[in-house]
Amino acid sequence: MSLSSHIEELKKKHHALSEQVERAQRAPGSSTLEIADLKKQKLKIKEEIERLSVNA
């Protein structure tokens, strides 16, 4: 897998997590812990994208 395709896959995962966070925030039964966990995953992916983009 090339670096650019890896970055694209990470961007897709980041977008999917964004949608998951939005859905969880709208759902009345969602726990704040679950939302916080999703946001942490999203942040890690964003940091990885930035790190790879700088090194590209």
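In this structure, NZ on K12 lies 11.0 Å from NE2 on H15, to the nearest 0.5 angstrom. E8 CD to I49 CD1: the interatomic distance, rounded to the nearest 0.5 Å, is 8.5 Å. From K13, atom NZ reaches atom NZ of K42 across 16.0 Å, with rounding to the nearest 0.5 Å. In this structure, CG in L17 is found 5.0 Å from CD1 in I45, a value given to the nearest 0.5 Å. Of the inter-residue distances, the one linking L3 atom CG with S53 atom OG reads 7.5 Å to the nearest 0.5 angstrom.
Residues K44 and E47 are not paired through a salt bridge, judged by the lack of any N-O separation under 4.0 Å between the basic side chain and the carboxylate.
Under a hydrophobic-cluster definition in which Ile, Leu, Val, Met, Phe, Trp and Tyr are linked whenever side-chain heavy atoms come within less than 4.5 Å, directly or via other members, L43 and I7 are assigned to different clusters.
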Under 3.5 Å, which donor-acceptor pairs link side chains of residues 29-41 to any protein atom two or more places apart or in another chain?
| from | atom 1 | to | atom 2 | distance (Å) |
| --- | --- | --- | --- | --- |
| S30 | OG | A24 | O | 2.8 |
| S31 | OG | E34 | N | 3.0 |
| D37 | OD2 | Q41 | NE2 | 3.0 |

